[in-house]
Amino acid sequence: MADLPPYDWLHQMVGVKTPHVIAGVAGGVVRGFVSKGFTWPQRLGSAVVGAAVAGYGTPFVAPILRKWLDLWQYPQGDIEGSLGFALGLVGMTICDALIRWARRWRDGPTLPIPPKS
């Protein structure tokens, strides 16, 4: 029985690994405290979004990062924890950029305003 991996209830429920989510929460909390002028609800939101981005983004980005590190022959170990932290740290910025891109895509190109003569 000692050979079985530990049970990950979060992975069973929603498909994200608990260590990725914890690293994302930590990154979101750090972003909330480092950014000036954030209210407590904004800091909490930063932690939640950081957890979601790290939970779902780490399995997607980790193989890409590993291939990039292989190109440079950089020694690599378990990079998923630090990658989850970094994704949690920039999670709100990524989501904000995606929302702005989606709005721009939805609204279509804007016509230039002709100069007044």
Legend entry - Which atom of A54 lies closest to which atom of G84, heavy atoms considered: CB-O, 3.3 Å
Legend entry - Shared-cluster residues of L89, by chain and number - hydrophobic side chains joined below 4.5 Å: V30, V34, F85
Inset, instruction - State plainly whether one hydrophobic cluster holds both I79 and I64, where clusters connect Ile, Leu, Val, Met, Phe, Trp and Tyr through side-chain heavy atoms under 4.5 angstrom apart. - result: yes
Inset, instruction - Indicate yes or no: at least one non-hydrogen side-chain atom of V29 is less than 4.5 angstrom from one of S46. - result: no
Legend entry - Hphob cluster co-occupancy, L44 + V49, side-chain heavy atoms under 4.5 angstrom: no
Legend entry - Spatial distance of atom CZ (R43) from atom CZ (R31) [nearest 0.5 Å]: 11.5 Å
Inset, instruction - Could you grab the distance from atom NE2 of H20 to atom CD of E80, nearest 0.5 Å is fine? - result: 4.0 Å
Inset, instruction - Not counting sequence neighbours, list each pair that qualifies as a salt bridge (Lys or Arg N to Asp or Glu O under 4.0 Å) and has a residue in residues 95-105. - result: D96-R100
Inset, instruction - Provide the closest heavy-atom pair for G81 versus A23 in the form atom of the first, atom of the second, distance. - result: O-CB, 3.5 Å
Inset, instruction - Not counting sequence neighbours, list each pair that qualifies as a ring-ring contact (aromatic ring centres under 6.0 Å, His included) and has a residue in residues 35-66. - result: F33-W40
Inset, instruction - Kindly work out whether a path of hydrophobic side-chain contacts (I/L/V/M/F/W/Y, heavy atoms less than 4.5 Å apart) joins V90 to I22. - result: no
Legend entry - Least distance between heavy atoms, V25 atom then A51 atom: CG2-CB, 3.4 Å
Legend entry - Transitive ILVMFWY side-chain link V21 to V48, under 4.5 Å: no
Inset, instruction - Calculate, to the nearest 0.5 Å, the distance between atoms CG and OG1 belonging to L87 and T58 respectively. - result: 5.0 Å
